[in-house]
Student: 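One structure, pasted below without further comment.
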There are 2 protein chains.
Amino acid sequence: MPELSEPIQTFILHWGEMGTRWGVNRTVAQIHALLMVSDRPLPADEIAETLQVARSNVSTSLKELQSWGLVKSMHVLGDRRDHFQSEKDVWDMFLIVMDERKRREIDPSIAVLRDCAEALKSESNPESHAEKQIGELLQFMETTNSWYANVRKLPKPLMIRFFKMGGRLNKILGS
Amino acid sequence: MPELSEPIQTFILHWGEMGTRWGVNRTVAQIHALLMVSDRPLPADEIAETLQVARSNVSTSLKELQSWGLVKSMHVLGDRRDHFQSEKDVWDMFLIVMDERKRREIDPSIAVLRDCAEALKSESNPESHAEKQIGELLQFMETTNSWYANVRKLPKPLMIRFFKMGGRLNKILGS
DNA sequence: TGAATACTTCAGTCTTGACAGAACATTCAG
DNA sequence: CTGAATGTTCTGTCAAGACTGAAGTATTCA
């Protein structure tokens with residue numbers, strides 16, 4: 001592995017930093033960044049060397065990235081080592097992350113809110129404000145969820161068009 | 001402060017947990033949750049007692065919530081203490097968080113990516129793949145940013161309509 | 001078969017950030 | 001002016017979890 005050029009280092013470090021701000025382990029995010037900009041799949045030991053972290057740390061981080069579906073392992077002819085490559089398409093990456101966060105965090109939250117709302121309803125209730133507030137939170141999440149489901153099922157080119165549009169929102173909604 | 005009922009405890013604890021998953025301090029998120037479901041503004045000491053955390057911890061967490069614009073302090077007649085109330089409207093809350101994350105994280109990331117892309121362009125370049133990838137990331141962020149700006153400037157009722165719609169997306173985009 | 005290679009898991013260490021409690025600052029009532 | 005009430009800041013402690021190196025497992029090849 002050639003040393004990383006300065007701008008690429010900057011990118012990887014920044015991506016790692018952003019990771020932490022969004023609840024993602026720094027090393028995991030850095031490895032993701034590295035694989036994104038790599039022009040070929042990398043074996044774990046090369047990643048460890050490049051980022052100067054322990055081999056074992058790379059192993060678990062790669063597992064994590066694979067569990068998100070952001071990284072896949074593959075093989076290279078004449079090399080026994082696993083090689084890892086990142087999803088490269090930014091839109092696909094985005095959707096993967098959204099799907100996964102929905103599955104891991106939003107959906108369970110909706111379930112919890114629903115239970116809480118239910119429990120508060122059946123008590124004859126000195127906490128009607130809380131009930132109302134939680135109900136609104138629940139409704140909000142359900143609304144955005146179903147909105148997302150609809151965006152999600154658009155074929156990708158249409159979806160991209162949808163996001164590039166936006167200037168025309170007013171016109172559409174005005175009708 | 002009456003003790004928290006069981007479903008409300010559940011809600012607050014869950015909200016705290018979700019906080020950590022999104023890079024927000026657990027106590028900060030818990031206080032936010034408590035204030036959301038409270039039917040009146042609460043003074044800091046009451047929050048500390050209710051959530052069983054140190055008064056000083058509450059102080060700094062409230063500062064944090066205020067810096068996000070999610071919580072405001074106010075005064076109650078005949079009480080010298082500051083009382084804190086959360087924004088209650090879920091849509092407004094959502095927009096506040098989006099605005100703030102854009103300002104704190106997305107915009108700076110765009111700046112970094114732009115610098116990196118620039119630096120990679122001027123080097124006569126063995127890293128054209130990285131350049132391409134970072135360029136696409138940049139483009140993606142700029143696209144979503146401007147999409148968000150357009151959604152953002154809709155009057156709230158229209159915006160809500162926009163999110164409740166979604167079923168009609170296909171029809172609209174088909175044209 | 002066993003040495004070499006690759007990968008994973010585990011146990012202990014280290015770091016970061018969260019937190020408590022104390023010290024400090026400010027305001028206000030008397 | 002003083003002391004009680006309130007809020008903030010600071011310092012040291014602690015815990016969570018990130019990370020390392022070593023031990024363990026699996027696979028391949030000589």
Side-chain angles (χ1 to χ4, degrees), chain A residues 1 12-13 15-35 40-68 71-85 104-105, chain B residues 1 12-13 15-35 40-68 71-85 104-105:
Chain A
M1 185 97 197
I12 290 173
L13 292 177
W15 203 253
E17 214 46 51
M18 283 305 101
T20 64
R21 302 266 200 131
W22 293 83
V24 176
N25 178 288
R26 178 178 284 114
T27 307
V28 170
Q30 285 181 354
I31 292 176
H32 180 223
L34 174 60
L35 291 178
R40 64 193 165 88
L42 299 179
D45 50 1
E46 207 172 311
I47 297 173
E49 192 194 352
T50 305
L51 298 180
Q52 318 240 48
V53 294
R55 178 67 185 73
S56 55
N57 194 1
V58 172
S59 179
T60 49
S61 296
L62 282 169
K63 277 270 136 61
E64 175 76 6
L65 284 167
Q66 284 173 297
S67 86
W68 281 78
V71 162
K72 303 247 183 279
S73 78
M74 56 164 304
H75 292 274
V76 168
L77 221 68
D79 193 333
R80 279 172 52 193
R81 297 173 299 176
D82 291 346
H83 287 60
F84 298 89
Q85 62 185 340
R104 297 181 184 199
E105 286 141 23
Chain B
M1 186 94 198
I12 290 174
L13 292 177
W15 203 252
E17 215 43 53
M18 282 306 100
T20 64
R21 303 265 199 131
W22 292 83
V24 175
N25 177 286
R26 178 178 284 116
T27 307
V28 170
Q30 285 181 355
I31 292 176
H32 180 224
L34 174 59
L35 291 178
R40 64 193 165 88
L42 300 179
D45 48 2
E46 208 173 312
I47 297 172
E49 194 194 351
T50 306
L51 298 180
Q52 318 240 49
V53 295
R55 180 66 187 74
S56 56
N57 193 1
V58 172
S59 179
T60 47
S61 295
L62 283 169
K63 277 269 137 63
E64 175 75 7
L65 285 166
Q66 283 174 297
S67 86
W68 280 78
V71 163
K72 304 247 184 277
S73 79
M74 55 162 306
H75 292 276
V76 169
L77 221 67
D79 194 333
R80 278 172 53 194
R81 297 172 299 177
D82 291 346
H83 287 60
F84 299 89
Q85 63 185 340
R104 298 182 184 198
E105 287 140 21

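No hydrogens, no waters, no symmetry mates; every other heavy atom, side chains included, goes into these values. Chain A is the first sequence line, chain B the second, and so forth, proteins listed ahead of strands; every chain is numbered from 1.
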Student: Send over the distance from A/K63 NZ to C/dT9 C1', rounded to a whole Å.
Tutor: 10 Å
Student: For A/H32 and A/W68: C-alpha separation, side-chain torsions, deciding distance, then whether side chain to side chain contact (heavy atoms under 4.5 Å, CB included) applies.
Tutor: CA-CA 11 Å; A/H32 180 223; A/W68 281 78; over 6 Å; no
Student: Quick one: list whatever passes side-chain contact (heavy atoms from CB on, under 4.5 Å) with A/T27, sequence neighbours left out.
Tutor: A/N25, A/I31, A/V53, A/N57, A/S61
Student: Can B/E46 and B/R40 be said to form a salt bridge (Lys or Arg N to Asp or Glu O under 4.0 Å), step by step?
Tutor: CA-CA 12 Å; B/E46 208 173 312; B/R40 64 193 165 88; 2.6 Å; yes
Student: Checking A/E105 now: which residues fulfil side-chain contact (heavy atoms from CB on, under 4.5 Å) with it, not counting sequence neighbours?
Tutor: A/R101, B/M18, B/R21, B/W22
Student: Expressed in angstrom and rounded to an integer, what is the separation of A/E46 atom CD from C/dA6 atom P?
Tutor: 12 Å
Student: Take atom CZ of A/R81 and atom P of C/dA4, then tell me their distance rounded to the nearest Å.
Tutor: 18 Å
Student: Tell me: CG of B/D82 to P of C/dC28, nearest whole Å?
Tutor: 11 Å
Student: Between protein and nucleic acid, restricted to nucleotides 25-30 of chain D and to nitrogen or oxygen atoms under 3.5 Å apart, what atom pairs and distances do you find?
Tutor:
{"from": "D/dT27", "atom 1": "O2", "to": "A/R80", "atom 2": "NH2", "distance (Å)": "3.1"}

Student: Between protein and nucleotides 14-21 of chain D, what N or O pairs are separated by less than 3.5 Å?
Tutor:
{"from": "D/dA18", "atom 1": "O5'", "to": "A/N25", "atom 2": "ND2", "distance (Å)": "2.9"}
{"from": "D/dC19", "atom 1": "OP1", "to": "A/T27", "atom 2": "OG1", "distance (Å)": "2.8"}
{"from": "D/dC19", "atom 1": "OP2", "to": "A/N25", "atom 2": "OD1", "distance (Å)": "3.1"}
{"from": "D/dC19", "atom 1": "OP2", "to": "A/N25", "atom 2": "ND2", "distance (Å)": "3.2"}
{"from": "D/dC19", "atom 1": "OP2", "to": "A/T27", "atom 2": "OG1", "distance (Å)": "2.7"}
{"from": "D/dC19", "atom 1": "O5'", "to": "A/N57", "atom 2": "ND2", "distance (Å)": "3.3"}
{"from": "D/dT20", "atom 1": "OP1", "to": "A/A54", "atom 2": "N", "distance (Å)": "3.3"}
{"from": "D/dT20", "atom 1": "OP2", "to": "A/A54", "atom 2": "N", "distance (Å)": "2.6"}
{"from": "D/dT20", "atom 1": "OP2", "to": "A/N57", "atom 2": "ND2", "distance (Å)": "3.1"}
{"from": "D/dG21", "atom 1": "N7", "to": "A/S56", "atom 2": "OG", "distance (Å)": "3.3"}
{"from": "D/dG21", "atom 1": "O6", "to": "A/S56", "atom 2": "OG", "distance (Å)": "2.8"}

Student: Is B/D45 touching bases, backbone alone, or none of the nucleic acid, heavy atoms closer than 4.0 Å?
Tutor: nothing
Student: Working note: B/R81 + B/D45, criterion side chain to side chain contact (heavy atoms under 4.5 Å, CB included); need CA distance, chi angles, decisive distance, verdict.
Tutor: CA-CA 9 Å; B/R81 297 172 299 177; B/D45 48 2; 3.0 Å; yes
Student: Can you see which heavy atom on B/A29 is nearest to which on B/G16, and at what distance?
Tutor: CB-CA, 3.7 Å
Student: Would B/H83 and B/S73 count as a side chain to side chain contact (heavy atoms under 4.5 Å, CB included) here? Give the steps.
Tutor: CA-CA 5 Å; B/H83 287 60; B/S73 79; over 6 Å; no
Student: Mind checking what makes side chain to side chain donor-acceptor pair (under 3.5 Å) contact with A/R80, not counting sequence neighbours?
Tutor: none
Student: For the helix from C/dT1-D/dA30 to C/dG30-D/dC1, figure out the bend between the end axes, five pairs an end, and round to 10 degrees.
Tutor: 0°
Student: Is any side-chain heavy atom of A/V71 closer than 4.5 Å to a side-chain heavy atom of A/Q85?
Tutor: no
Student: What is the distance from CG of A/L42 to P of C/dA6, rounded to the nearest Å?
Tutor: 15 Å
Student: For A/S67 and A/R104, which I'm curious about, is there any donor-acceptor pair between the side chains at under 3.5 Å?
Tutor: yes
Student: Grab the CG-P distance between B/D79 and D/dA5 for me, whole Å please.
Tutor: 12 Å
Student: Please determine whether side chain to side chain contact (heavy atoms under 4.5 Å, CB included) holds for the pair A/L62 and A/I47, giving the CA-CA distance in whole Å, both sets of side-chain angles, and the decisive distance to 0.1 Å.
Tutor: CA-CA 10 Å; A/L62 282 169; A/I47 297 173; 4.3 Å; yes
Student: Could you tell me how far apart B/I47 (CD1) and D/dT8 (C1') are, to the nearest whole angstrom?
Tutor: 15 Å
